[in-house]
Amino acid sequence: MAAVLQRVLMLVLCLELAVGSLRFEDRFQPNWAPDHVMYDGDLIELRLDNSSGCGFASKSKYLFGSVSVQIKLVEGDSAGTVTAFYMSSVGEGHDELDFEFLGNVSGEPYIVQTNIYVNGTGNREQRHYLWFDPTKDFHSYSILWNRHQILFMADNVPIRAFRKQQDTMLQLPFPDSKPMWVYGSVWNADDWATQGGRVKTNWSDAPFVSQFRGFEIDACEVGGMPADQRSDDGATERGRCADAETGFWWDTPAKATLSPHQVRQLKWVSRRYKIYDYCRDAARFVVKPVEC
Ligand SMILES: *[C@@H]1O[C@H](CO)[C@@H](O)[C@H](O)[C@H]1NC(C)=O
Ligand SMILES: *[C@@H]1O[C@H](CO)[C@@H](O)[C@H](O)[C@H]1NC(C)=O
Ligand SMILES: *[C@@H]1O[C@H](CO)[C@@H](O)[C@H](O)[C@H]1NC(C)=O
Ligand SMILES: *[C@@H]1O[C@H](CO)[C@@H](O)[C@H](O)[C@H]1NC(C)=O
């Protein structure tokens with residue numbers, strides 16, 4: 001009996017170890033002001049004070065897949081600060097997928113700004129309020145990225161869908177060839193972030209701390225192969241991620257579009273929480289962007 005119990009206990013322990021998250025340093029490294037980046041296990045704390053913001057980056061880059069993280073944003077007075085979770089291919093003509101959380105004075109709502117850069121050009125902002133207080137608890141934020149669409153989600157509810165439109169007459173922008181790294185950062189953006197830049201960062205409330213944990217990266221890694229097994233500049237590896245028949249779950253037909261449930265969720269979010277959409281900003285774009 002005791003032996004059986006012991007075996008059950010061992011099994012439970014092993015399972016716990018197996019599902020336990022990876023440590024920060026297994027997949028990431030600080031890439032800006034390392035002395036402001038604290039980490040322990042899978043918990044990461046990013047600090048902004050009057051000397052610096054800070055950030056971290058993944059060690060690998062990815063082409064398509066899903067990246068998810070839980071974030072607890074700066075509590076109390078966060079005016080002037082921006083916390084970001086994003087993916088970027090970096091360099092000339094870069095592609096980028098952004099979540100930017102714009103802080104506010106105590107008690108006033110954060111704004112989540114999403115943006116998409118294609119070949120170096122962004123200007124595709126949307127802004128939303130959230131249906132929860134993102135400073136009280138950890139909430140999950142995720143990006144699903146495949147050849148058909150990019151979904152930005154909060155607690156698994158889509159807040160934005162950027163679809164690759166099938167129009168062969170137009171060159172519609174969509175990031176689908178450049179592998180991206182995953183990043184997190186906190187910085188001072190009081191020239192624009194809070195109430196249009198009117199409210200400045202109050203440095204007596206520093207340090208401003210955002211916490212990240214529970215990263216789940218289920219994506220096609222590029223550059224994961226040892227250099228001596230790489231046949232070229234990475235084209236083969238990119239092909240492995242971008243082929244029509246990769247067999248990855250994010251490439252299945254079900255993930256090529258929103259499910260009917262997600263369509264309803266997105267409508268609910270748009271109706272109740274969307275406060276800005278570049279596609280409807282006629283003052284800014286005399287000619288409507290092609291994808292709108
Ligand atoms: C930054 O903050 C520290 C601690 O609050 C303070 O001692 C220092 O004077 C500040 N420096 C500047 C340039 O404001
Ligand atoms: C991407 O941008 C570069 C300039 O950075 C330009 O030369 C190139 O033609 C662009 N490619 C596409 C597909 O638009
Ligand atoms: C901050 O609060 C004000 C007042 O409620 C609101 O207008 C604004 O959208 C909020 N968010 C930011 C980032 O300015
Ligand atoms: C800045 O924060 C300090 C401490 O919380 C507070 O006493 C002060 O009134 C704030 N300043 C402004 C301009 O809000």
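Order of listing sets the numbers, starting from 1, for every ligand and every atom in it. As a basis for the values below, the full set of heavy atoms in this structure was taken, side chains included, without hydrogen atoms, waters or symmetry mates.
With ligand atoms numbered from 1 in the order given, ligand 4 contributes 1 (C), 2 (O), 3 (C) to contacts under 4.0 Å with heavy atoms of Ser204. Using a 4.0 Å cut-off to heavy atoms of Glu92, the atoms of ligand 2 that qualify are 5 (O).
Within 6.0 Å of NZ in Lys274 there are more than 12 heavy atoms belonging to other residues, nucleotides or ligands.
For atom 6 (C) of ligand 4, the nearest protein heavy atom (residue, atom name, distance) is Asn202 ND2, 4.1 Å. What sits closest to atom 3 (C) of ligand 2 on the protein, heavy atoms only, is Asn119 ND2, 3.7 Å. Atom 8 (C) of ligand 1 has Asn50 ND2, 3.7 Å as its closest protein atom, hydrogens excluded (heavy atom only).
Cation-pi geometry between Arg213 and Phe138 is met: under 6.0 angstrom from the ring centre, within 45 degrees of the axis.
Under 4.0 Å from ligand 4, the heavy atoms of Asp205 that appear belong solely to its side chain.
Counting only distance, with no hydrogens or angles, the side chain of Thr194 and the backbone of Ala79 share no donor-acceptor pair below 3.5 Å.
Centroid-to-centroid, the aromatic rings of Phe99 and Phe85 come within less than 6.0 Å.
There is a protein heavy atom closer than 4.0 angstrom to atom 11 (N) of ligand 4. For atom 14 (O) of ligand 1, the nearest protein heavy atom lies under 4.0 Å away.
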If you apply the rule ring-ring contact (aromatic ring centres under 6.0 Å, His included), what do you find for Phe28 with Tyr39, and how did you get there? CA-CA 11 Å; Phe28 298 101; Tyr39 50 90; 10.0 Å; no
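Under the 4.5 Å side-chain contact rule for hydrophobic residues, Leu97 and Tyr117 do not share a cluster.
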